[in-house]
Each structure stands twice: as C-alpha cells, then as structure tokens.
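Atoms within each ligand, like the ligands themselves, are counted from 1 in listed order.
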Amino acid sequence: MPVERTLSIVKPDGVARNIIGDVYRRFEQAGLRIIAARMLQLSQADAEAFYGVHRERPFYKDLVKFMTSGPVIVQVLEGEGAIAKNRDVMGATDPKKATLGTIRADLATSIDENVVHGSDAADTAAREIAFFFRETEICPRTR
Ligand code: CMP
C-alpha cells in the first residue's frame with residue numbers, strides 16, 4: 001500500500017463541541033500521521049471555492065453557511081492508503097448510516113454537522129491540500 005496524503009477538516013461543530021482531541025486520537029490510533037495543521041475561519045469565498053464541486057447540489061448554500069459559522073482545523077494526514085483509511089475512520093457522510101466506532105457514527109449529530117471532512121480520491125486530495133497548505137508548511141516525519 002503506497003504512502004498517501006489526504007486533506008482533513010475538523011468542521012465548526014467539532015471545534016465548538018471541544019472534540020478536536022477525540023478526532024485526532026482516532027486518526028493517530030489508525031496510523032495516520034498529522035503532518036500539517038492550522039486553525040482558521042473560512043470566508044464565504046473560501047468555502048464556496050473549496051466546495052465548488054457541490055455548487056449545484058441542494059445542500060450547497062447550507063453547507064457554505066455552516067462551514068463559515070466558526071473556526072475549523074485543517075490538517076494533512078499521511079500514511080499507507082491514507083485517503084481510504086481516513087474515510088474508514090470518518091465513516092459514512094450521514095451519521096445514521098455510519099458504522100459504529102467511526103467518527104461520524106460516534107460523534108456527529110446530522111449529515112450537515114458531521115464533524116469532519118476528508119478528501120475522497122487522490123486528485124481531490126492533491127487539490128484540497130494545495131488549497132490550504134504550501135509545501136513548506138507540510139512536515140513529513142523523519143522519525
Ligand atoms: P463533506 O465530506 O464535507 O462534503 C460535503 C458535505 O455536504 C458533506 O460532508 C455533508 O456534511 C454535506 N451534505 C449535506 N447533505 C448532503 C447530501 N445529501 N449528500 C452529501 N453531502 C451532504
């Protein structure tokens with residue numbers, strides 16, 4: 001399994017509910033290394049651009065409103081098969097459909113407020129990482 005990088009976001013609900021540590025513990029226990037991280041508040045323009053792929057979806061407006069409602073933490077996760085592994089750790093988008101033990105099954109309150117975002121494929125991961133981080137801000141482990 002090749003080593004990959006993926007973009008993860010702890011969404012405004014996760015930050016507001018003080019469960020950042022719980023989310024990070026789950027990444028680390030799954031063998032995902034946090035190699036870059038930053039807290040920020042998304043502007044309307046940032047959120048619209050980041051989720052541009054969903055522009056035509058009925059939930060787009062609410063999604064942008066929610067993602068700009070408070071601070072988020074963005075992080076790059078690295079590990080073997082990190083993209084799929086992170087999606088396993090997160091669970092299904094809708095917490096009602098997520099497997100027990102996943103972040104969304106255990107911690108999320110709805111499909112809109114579902115605690116975390118994670119890139120869904122290699123091309124998306126590259127685009128989403130570059131959206132938030134310069135290469136010099138990413139710190140792969142040397143030990
Ligand atoms: P995320 O992985 O951040 O990608 C887009 C977000 O839109 C998704 O998580 C959900 O929080 C939100 N969303 C709301 N309704 C839907 C839906 N019907 N299908 C997919 N995503 C949805």
Side-chain angles (χ1 to χ4, degrees), residues 1-135 137-141:
M1 187 78 74
V3 172
E4 295 174 338
R5 293 176 180 180
T6 189
L7 191 278
S8 161
I9 304 177
V10 180
K11 295 186 178 185
D13 56 332
V15 174
R17 289 169 54 210
N18 230 15
I19 54 174
I20 298 162
D22 193 337
V23 171
Y24 270 32
R25 178 183 59 76
R26 290 163 189 258
F27 293 153
E28 292 185 333
Q29 282 186 346
L32 292 164
R33 299 180 291 277
I34 297 157
I35 60 167
R38 184 164 82 250
M39 183 177 277
L40 61 111
Q41 181 134 2
L42 286 168
S43 67
Q44 168 101 5
D46 283 345
E48 285 175 355
F50 184 79
Y51 280 116
V53 62
H54 295 307
R55 191 159 281 131
E56 305 304 325
R57 308 287 292 273
F59 56 82
Y60 178 67
K61 222 170 148 225
D62 286 344
L63 174 62
V64 168
K65 193 171 172 201
F66 168 60
M67 290 302 292
T68 56
S69 67
V72 299
I73 301 196
V74 290
Q75 50 276 323
V76 178
L77 306 177
E78 184 181 72
E80 288 184 14
I83 297 166
K85 187 176 280 183
N86 181 42
R87 292 181 71 78
D88 286 347
V89 171
M90 291 193 299
T93 308
D94 182 350
K96 291 200 290 286
K97 294 180 184 155
T99 306
L100 227 65
T102 62
I103 291 171
R104 283 158 169 172
D106 295 354
L107 303 175
T109 54
S110 72
I111 192 169
D112 298 301
E113 304 210 358
N114 62 356
V115 184
V116 279
H117 166 82
S119 310
D120 63 1
D123 54 343
T124 331
R127 180 181 72 75
E128 292 184 351
I129 290 169
F131 189 93
F132 289 109
F133 294 100
R134 290 191 291 266
E135 196 56 40
E137 295 174 313
I138 301 173
C139 308
R141 300 292 158 76

Sub-4.0 Å heavy-atom approach of F66 to ligand 1: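 Contact check F66 vs ligand 1: negative.
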Tell me whether R87 reaches ligand 1 (any heavy atom closer than 4.0 angstrom to a ligand atom).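 Heavy atoms of R87 never come under 4.0 Å of ligand 1.
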Side chain, backbone, both or neither: which part of [X] comes within less than 4.0 Å of ligand 1 when only heavy atoms are counted?
X   : result
M90 : neither
D62 : neither
L63 : side chain

Ligand-side contact atoms (ligand 1) for residue partner R104, heavy atom cut-off under 4.0 Å: 2 (O)
I'd like to check which ligand 1 atoms, numbered from 1 as shown, lie under 4.0 Å from a non-hydrogen atom of H54. 4 (O), 5 (C)
Of the protein's non-hydrogen atoms, which lies at the shortest distance from atom 2 (O) of ligand 1, and what is that distance?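 Going by distance alone, atom 2 (O) of ligand 1 is nearest to H117 ND1, 3.2 Å.
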Give the residue, atom name and distance (to 0.1 Å) of the protein heavy atom nearest atom 4 (O) of ligand 1. Y51 CE2, 3.6 Å
Anything under 30° is parallel, anything over 60° is perpendicular, the rest tilted; go ahead and classify F50 against F132. tilted
Yes or no on side chain to side chain contact (heavy atoms under 4.5 Å, CB included) for K11 and V115, after CA distance, side-chain angles and deciding distance? CA-CA 5 Å; K11 295 186 178 185; V115 184; 5.8 Å; no
R26/D22 under salt bridge (Lys or Arg N to Asp or Glu O under 4.0 Å): CA gap, chis, key distance, verdict: CA-CA 6 Å; R26 290 163 189 258; D22 193 337; 2.8 Å; yes
